[in-house]
Amino acid sequence: MLDQLLNRAENTGDLSLEEIEQLLNLEDQSDIDSLFACAYRVKTRYVGRIAWFRGIIEFSNICSKDCYYCGIRRSNSKTQRFTIPEADIIESAVWAWKAEYGSVVLQSGERSDPAYIDMVERLIKEIKERTNGELGLTISLGEQSEETYQRWFDAGAHRYLLRIETSNPELYAKLHPADHSFENRVECLRRLRKVGYQTGTGVMIGLPMQTTRHLAEDLLFFKRMDIDMIGMGPYIFHSDTPLIGYRAEWEIPAKKLLNLGLKMIALARLLMRDINIAATTALQALEHDGREQGLLAGANVIMPNATDTQYREAYQLYENKPCTDENASMCRGCLQRRIEKIGEQIGFGQWGDSPHFAGRVKSSGL
Ligand code: SAH
Ligand code: SF4
């Protein structure tokens, strides 16, 4: 039964909502391992056994939004706010380029005031200039107007990550204040594509009130939106957020949550074969080799932290974030060893765009 289902998924990439849900609910470890092995074969065939590095620079935790799950939400007065000086952000990017990361991600809390928009534009231009246009640049700076997306694109950013968080509008409404709009977030994903970004999205896994049916719907949402990249990871409770009251009832034990995150990666690979899928840092927060397990379940992107260590402690979207006290080069060294140990290569010095994006641009004649 399971073999038949996996065989079909491997050959066609088609699975119904019910079948996805059934696979997410697998409990027997040898069945789960068959799912991972199947996704790994599809990964090998479509994107190869290469892990692309994106050095992530989390440059500011100042945020105008108030998402109920997030440690750096506007109303959390316990967080000490910072913005890394521009020169230091640029140095981190140049460091990543010299370390042959190929690509960096700039991420921060959400702001849309003119001073911030100008600063990001300057940063993008300067980073491009200082790295001879060689460093790939992804940004993850929340919901913005089309004009702002266009300005940052014209400055040199070419990929954008905007998680939908959950594709279920009712669940979205429970996790955000009333003035945060699900429709606007979906619209932003459309805007990003229109401007020309390689567009990535994702969800948190293990949210309070979230069911496996919701997660199955999330995967079909990604497919319907024809996205180029996915960055999704486990939700981790943060004590200074309103959702903490749900912990006792909804927290999933670490091992089970890790498995659920890995199943989501494997199913995303089966359904959307040639996209980029990240094994996120939050997986590593659950088990020390969580990211390597992510690669073995079908992910092909790793996002080592390239933020200056002195600022890491304050960028706590969730608690017990790994590597907050290591410096960036230690992260590089330890990751390289771990990845080579599982028989994969690191795509040093290249952007590592998703083949899906190349295909999409080609077929639209752009
Ligand atoms: N402000 C931007 C980017 C920074 S937040 C934005 O919201 O798009 C990046 C991601 O962190 C969010 O998309 C969310 O999925 C994730 N996140 C926030 N709180 C989290 C938590 N408690 N556990 C796991 N992931 C979390
Ligand atoms: Fe701000 Fe992003 Fe956190 Fe929401 S998830 S509060 S937008 S940093």
Side-chain angles (χ1 to χ4, degrees), residues 54 56-79 81-83 105-112 116 120 138-144 148-149 152 157 159-167 171-172 175-177 179-182 184-186 188-189 191-192 197 199-208 210 215 218 222 227 229-247 250-252 254 257-258 260-261 264 278-286 290 303 305 307 314-322:
R54 317 274 184 250
I56 182 157
I57 304 171
E58 298 158 334
F59 68 86
S60 174
N61 65 357
I62 300 175
C63 188
S64 58
K65 302 280 280 292
D66 228 359
C67 311
Y68 292 152
Y69 40 83
C70 179
I72 64 170
R73 63 197 295 271
R74 183 184 64 213
S75 304
N76 182 8
S77 55
K78 289 197 187 155
T79 291
R81 304 290 164 171
F82 72 90
T83 300
V105 184
L106 296 182
Q107 190 178 77
S108 77
E110 186 175 308
R111 277 175 61 187
S112 38
Y116 174 82
V120 170
T138 306
I139 50 180
S140 177
L141 309 171
E143 294 166 43
Q144 304 288 346
T148 301
Y149 286 149
W152 292 343
R159 294 192 279 241
Y160 205 105
L161 279 178
L162 183 75
R163 287 183 173 180
I164 192 67
E165 316 297 3
T166 169
S167 66
L171 182 57
Y172 189 94
L175 302 169
H176 299 90
D179 61 350
H180 291 33
S181 155
F182 175 78
N184 189 55
R185 212 153 169 97
V186 177
C188 280
L189 286 173
R191 257 175 228 160
L192 288 164
Y197 286 95
T199 307
T201 192
V203 293
M204 283 174 285
I205 300 161
L207 287 160
Q210 186 184 49
L215 291 169
D218 291 338
F222 303 151
I227 49 95
M229 348 182 257
I230 294 181
M232 57 190 171
Y235 163 66
I236 299 173
F237 283 89
H238 191 296
S239 336
D240 304 319
T241 60
L243 287 194
I244 197 65
Y246 290 89
R247 187 177 203 157
W250 287 94
E251 190 169 39
I252 302 176
L257 182 55
L258 176 68
L260 191 56
M264 284 290 283
T280 54
T281 316
L283 285 175
Q284 193 196 355
L286 295 173
M303 298 162 77
N305 202 328
T307 315
Y315 197 86
Q316 296 257 12
L317 304 168
Y318 51 89
E319 288 155 305
N320 300 322
K321 231 175 132 202

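Positions are given from 1, in the same order as the sequence printed here. Counting convention: from 1, in listed order, for ligands and their atoms alike.
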**Student:** Evaluate side-chain hydrogen bond (donor to acceptor under 3.5 Å, both in side chains) for Y116 paired with S108, printing each intermediate quantity in order.
**Tutor:** CA-CA 11 Å; Y116 174 82; S108 77; 2.6 Å; yes

**Student:** Would you please classify the geometry between the Y160 ring and the Y149 ring as parallel, tilted or perpendicular, with 30° and 60° separating the classes?
**Tutor:** perpendicular

**Student:** Just to confirm, does any protein heavy atom lie below 4.0 Å from atom 2 (Fe) of ligand 2?
**Tutor:**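 No; the ligand atom in question lacks any protein heavy-atom contact below 4.0 Å.
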
**Student:** With a 4.0 Å heavy-atom cut-off, what residues sit around ligand 1?
**Tutor:** Y69, C70, Q107, S108, G109, E110, S140, G142, R163, E165, R185, M204, P234, Y235, I236, Y315, L317, Y318

**Student:** With distance as the sole test, does T79 use its side chain to make a donor-acceptor pair with the main-chain N or O of G71 at under 3.5 Å?
**Tutor:** yes

**Student:** Answer yes or no: is there a donor N or O on one side and an acceptor on the other, between the side chain of R74 and the main chain of C63, under 3.5 Å?
**Tutor:**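 Such a contact is absent between R74 side chain and C63 backbone.
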
**Student:** If you leave out waters, which protein N, O or S atoms are less than 2.8 Å from atom 3 (Fe) of ligand 2?
**Tutor:**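 Listed by chain and number, the nearby protein N, O or S atoms are C70 SG.
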
**Student:** Are there more than 12 heavy atoms of other residues, nucleotides or ligands under 6.0 Å from atom OH of Y246?
**Tutor:**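 No, the 6.0 Å shell around OH holds no more than 12 heavy atoms from other groups.
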
**Student:** May I have the step-by-step check of side-chain contact (heavy atoms from CB on, under 4.5 Å) for F182 and I164, ending in yes or no?
**Tutor:** CA-CA 8 Å; F182 175 78; I164 192 67; 3.7 Å; yes

**Student:** Run the numbers on E165 and L175 for side-chain contact (heavy atoms from CB on, under 4.5 Å), then give the verdict.
**Tutor:** CA-CA 9 Å; E165 316 297 3; L175 302 169; 5.9 Å; no

**Student:** K65 and side-chain contact (heavy atoms from CB on, under 4.5 Å): which single residue from H180, R111, H176 fits?
**Tutor:** H180

**Student:** CG of L171 to CD of Q210: how many Å apart, nearest 0.5 Å?
**Tutor:**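 Here the rounded value is 6.0 Å.
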
**Student:** If you take all heavy atoms of G142 and E110, which pair is closest and at what distance?
**Tutor:**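 Minimum heavy-atom contact is CA-OE1, 3.5 Å.
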
